[in-house]
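Working notes, structure below.
Residue numbers start at 1 and run along the sequence shown. Note: hydrogens, waters and symmetry copies are ignored here, and every other heavy atom, side chains too, is used.
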Amino acid sequence: MKNRWIYGLLSTVVLLAIAWACSKTEDTGNSTPKVDITFFAENSGPTLKNGSLDLDAILADLDCGDVLLGEDAAANYRLMVRLTGPNAFDKTYFLAFDPVGGGVASELVQLNADATYSIERFALVQKIDQNGDWTVGNTAMVMATPESNSAFMDYVTESLPFEFTVGKYEKNRINIDLLCFNQQVAPAFGFEWFDYNIVKGDEVCVFINCINENDQENYHQVYPADIAAWAPSDLNSGNAYWDIGPNYTVVDNAITGIYPVCFPLYAPAIEMTDGLTLEIRPAFGELNNGEVIYSDVFTVTIPQSIILEYLGLTSYVGDPILIDEIRGITVKVDLAPDPNVDNPRFIHLEYLNCLEDPNDPGANCETAFAYNETYSSCFFDYSYLISTNRWGWTNGPLALSGTPYEFTMLAGAGGGQNENPPQCHPENGINAGTTTVTYDGSSVSISMNISSDFELTQVHVWVAEGDAGDDPDPRIPHYEKNNGDIVYTLSPGKFTIVDEGLTENTWNTTLDGFNDGNIYVIVHAVVCPALPQ
C-alpha cells in the first residue's frame, strides 16, 4: 500500500514537470506565453481570383517550374518572411519548409501570444553566393506575394502587408499565396526596387548619342547629364517622380564616365499606354575654358512599345522610331555588346543636330530677348551659377512702380559663345519690337509688340521675386528637384510662361501673387521674317 502511494506521488510529480515544461516561455524571465506558428505557402495561378486582366498573359509567361515543390526545393530555397509587431518587433526569417498538400509549410516560428503581427514581405528566395549566409542582401526572389495597390494584388487572396493575431491556445497556420516573380515586372508587385537586391530590368536605362548635321556619318558622344522622368499625364503637375543629375565626372580637363542613365518605371509597363516622358539636358564630351558644354534641355516621350521591348515583354525589334521630327530624335532598343551582362538591352536615343547653336531657332528665324541698358545683365555674367553658351539678358531688380518699365526686343545679339570670355552684344542686335513690364507689388503685367517686319511665333517669360544673391538666385531661372537640390537652367522651355504656336504680333499676360519685393524678369521670343503680303 505504501509503495502504491509512493508510485502515485512520483507519477503526479512527473506529470506536473511535463506540464510545466510544455507551458514555460522561451525566456524564463518573461511571463508572456509563446506560441508556435507556421506559414503555409502555395502557388497562385496566373489568373485573377475574381476575373481577368491584360496582365494575365504576362504573369502566365513567368514560369517558375517546380521550384516550390521540386525535389531540391527545401535544400536550395527558403521562405523569407519579414514580420513587424509589438515592442518594436521587426525581424526577417529565412525558413526551411516541407511539402504539405498543394503547397509547403514552413518550420515553426515562436511568437508572443495574444499579439498582432504584420507580414511586410513574403517571398521564396534563393542564395546568390552559395558560400554566404541567408541574408536579404544575399538572396534573390523567385516567387513573391505582391503588395496592396499593385497591379498583381488581386491575383492573391491576401496582398501585403496584412495583419494576423497569435492566439494563446490556437493552432496558428498563416496561409499565403505566392506568384512567380521576375525582376522585370517588379513594379507590378509594388516592390520599390531600391529596397531589394534586384537590379536591371525593372528600370529604364537610357543612352544618348547625337549626330552633327555636318558630319552625319559619325556619332558624337554626349552625356545625359540631367534627366527627369514623368508620367505623361503628370508632366505639368509639379515635380517629376524621378529626377537625377550629372552622371559624369571631369578628370584632367576631360569628361569621363560614359554610362546609360537608369531609373525605375513609374508603373507596370503594360499600364503605361501613354509612354514615358523624359526631360533631358545632355552634356557634350568636351569643355569650354574648363566648363562643361551643354545642349538645350529637350523633352521627349518614349512610346510604350519601346518600353515593352526593352523589358523583354515583347520580341526584340530594334528599329528606330521618330519621336521628335523637329530635332530629329529617334528612339530604339539596342543590345549591349556583351550578351552576358545582367541586362543586355538599353533604350537608345539618337539626337540629330544636337551640336547646332542653341540660340538659332532655325528657318531663318531669330531669337530675341528683352533689353534695357539700365536693368539688363548678360547670362554669361552668371557662369558661377550655370555654364551656358546661350546669350540673353536677365532684367532687374525691378521695384514696384506706377510707371511701366520699357524694354527693346533685340534679336541676333549673340556671338558670345565664341569669345573668351563670352559676352552679349546689344550693339549688334536687331530691334524686333518692344516689351513693357508693369509691377504694382502684387501683380506683374507684360505686354509685347513685335515689328511688322517679323512674325511672332513663341514667347517664354521668367519672373521671380527676391534679391540678387539669394538661394536660389532669382536672376537665373531654376527649379527644385525631388531631393531639394536647385537646378539652374536657361532653357526657355523651363521658364515661368511657355507660349508657342503664336500667330499674332502682340502678346500680353499678367501674373499674380507677389509681395512688394524686387523682381527679376527674362522675356524671350522667337521672331521670323514676315512673309510678303
Side-chain angles (χ1 to χ4, degrees), residues 26-27 34-44 62 64-113 115-148 150 152 156-166 171-183 185-186 189-199 201-202 342:
E26 185 181 64
D27 180 1
K34 301 283 186 178
V35 172
D36 291 329
I37 68 167
T38 186
F39 295 94
F40 181 80
E42 60 182 338
N43 186 14
S44 183
L62 303 181
C64 290
D66 58 355
V67 295
L68 192 61
L69 297 173
E71 294 181 359
D72 61 347
N76 296 326
Y77 302 97
R78 291 288 186 270
L79 288 174
M80 180 181 70
V81 186
R82 178 185 167 194
L83 299 180
T84 60
N87 301 321
F89 182 89
D90 188 342
K91 186 172 181 180
T92 299
Y93 298 88
F94 293 89
L95 305 175
F97 53 85
D98 291 304
V100 175
V104 296
S106 76
E107 61 184 299
L108 297 175
V109 175
Q110 196 171 70
L111 298 173
N112 288 341
T116 298
Y117 295 86
S118 176
I119 302 177
E120 303 293 326
R121 188 182 304 177
F122 194 89
L124 182 77
V125 297
Q126 64 183 138
K127 281 185 180 180
I128 298 173
D129 178 5
Q130 295 301 320
N131 296 320
D133 296 328
W134 286 100
T135 64
V136 174
N138 190 37
T139 53
M141 283 185 282
V142 180
M143 303 182 73
T145 304
E147 296 181 352
S148 297
S150 69
F152 287 159
V156 294
T157 303
E158 293 281 1
S159 56
L160 302 182
F162 79 86
E163 293 184 343
F164 65 92
T165 299
V166 177
K171 181 179 180 180
N172 293 280
R173 187 173 88 164
I174 311 301
N175 298 316
I176 302 181
D177 291 334
L178 287 169
L179 297 178
C180 188
F181 177 78
N182 185 312
Q183 60 197 28
V185 291
F189 281 78
F191 296 158
E192 296 189 359
W193 31 86
F194 42 80
D195 284 344
Y196 295 82
N197 189 28
I198 53 177
V199 294
D202 61 310
D342 291 333

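- Sorted by first and then second residue, the salt bridge (charged side-chain N to carboxylate O under 4.0 Å, His left out) pairs with a member in residues 87-109 read Arg82-Asp90; sequence neighbours excluded.
- Here the shortest heavy-atom pairing between Glu158 and Thr145 reads O-CG2, 3.5 Å.
- For Ser118, the side chain to side chain donor-acceptor pair (under 3.5 Å) criterion is met by Glu120, not counting sequence neighbours.
- With rounding to the nearest 0.5 angstrom, the OG atom of Ser44 is 12.5 Å from the CD1 atom of Ile176.
- Proximity of a side-chain donor or acceptor of Asp36 to a complementary backbone N or O of Leu108 within less than 3.5 Å is not detected.
- When every heavy atom of Leu68 is checked against every heavy atom of Ala73, the shortest pair comes out as O-CB, 3.6 Å.
- When atom types are taken as modelled, the side chain of Tyr117 and the backbone of Asn112 share a donor-acceptor pair closer than 3.5 angstrom.
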Candidate pair Phe39 and Leu95, rule side chain to side chain contact (heavy atoms under 4.5 Å, CB included), full reasoning: CA-CA 9 Å; Phe39 295 94; Leu95 305 175; 3.8 Å; yes

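- Side-chain atoms of Trp134 and Thr139, non-hydrogen and from C-beta on, do get closer than 4.5 Å to each other.
- How far CZ of Phe97 is from CG of Leu79: 5.5 Å, rounded to the nearest 0.5 Å.
- In terms of heavy-atom proximity, Val100 sits nearest to Ala105 at CG2-CB, 3.7 Å.
- Atom CZ of Phe152 is separated from atom CG of Asp177 by 14.5 Å, given to the nearest 0.5 angstrom.
- Remark: Thr135 OG1 to Met80 CE distance equals 10.5 Å, nearest 0.5 Å.
- The cationic group of Arg78 does not satisfy the cation-pi geometry with Phe94, failing either the under 6.0 Å distance to the six-membered ring centre or the 45° limit from the ring axis.
- Distance OG1/Thr38 to CZ/Phe40: 9.5 Å, rounded to 0.5 Å.
- Taking the side chain as every heavy atom from C-beta outward, Thr116 and Phe164 never approach each other to under 4.5 Å.
- Nearest heavy atom pair, residue Phe162 against residue Asn175, reads CZ-O, 4.4 Å.
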Pair Phe89-Thr84, side chain to side chain contact (heavy atoms under 4.5 Å, CB included): steps then yes or no: CA-CA 5 Å; Phe89 182 89; Thr84 60; 5.7 Å; no

Chi angles and distances behind the side chain to side chain contact (heavy atoms under 4.5 Å, CB included) call for Arg121, Thr92: CA-CA 9 Å; Arg121 188 182 304 177; Thr92 299; 5.8 Å; no

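- The main-chain N or O of Asn138 is never found under 3.5 Å from a side-chain atom of Lys127 such that the two would form a donor-acceptor pair.
- Ala41 and Leu178 make their closest contact through CB-CD1, 3.9 Å (heavy atoms, listed as atom of the first residue, atom of the second, distance).
- A pairwise comparison of heavy atoms in Ile128 and Ala140 identifies CG1-N, 4.0 Å as the closest pair.
- With sequence neighbours excluded, the residues satisfying side chain to side chain contact (heavy atoms under 4.5 Å, CB included) with Ser159 are Ser148, Met153, Val156.
- In this structure, CG in Leu111 is found 6.0 Å from CG in Leu83, a value given to the nearest 0.5 Å.
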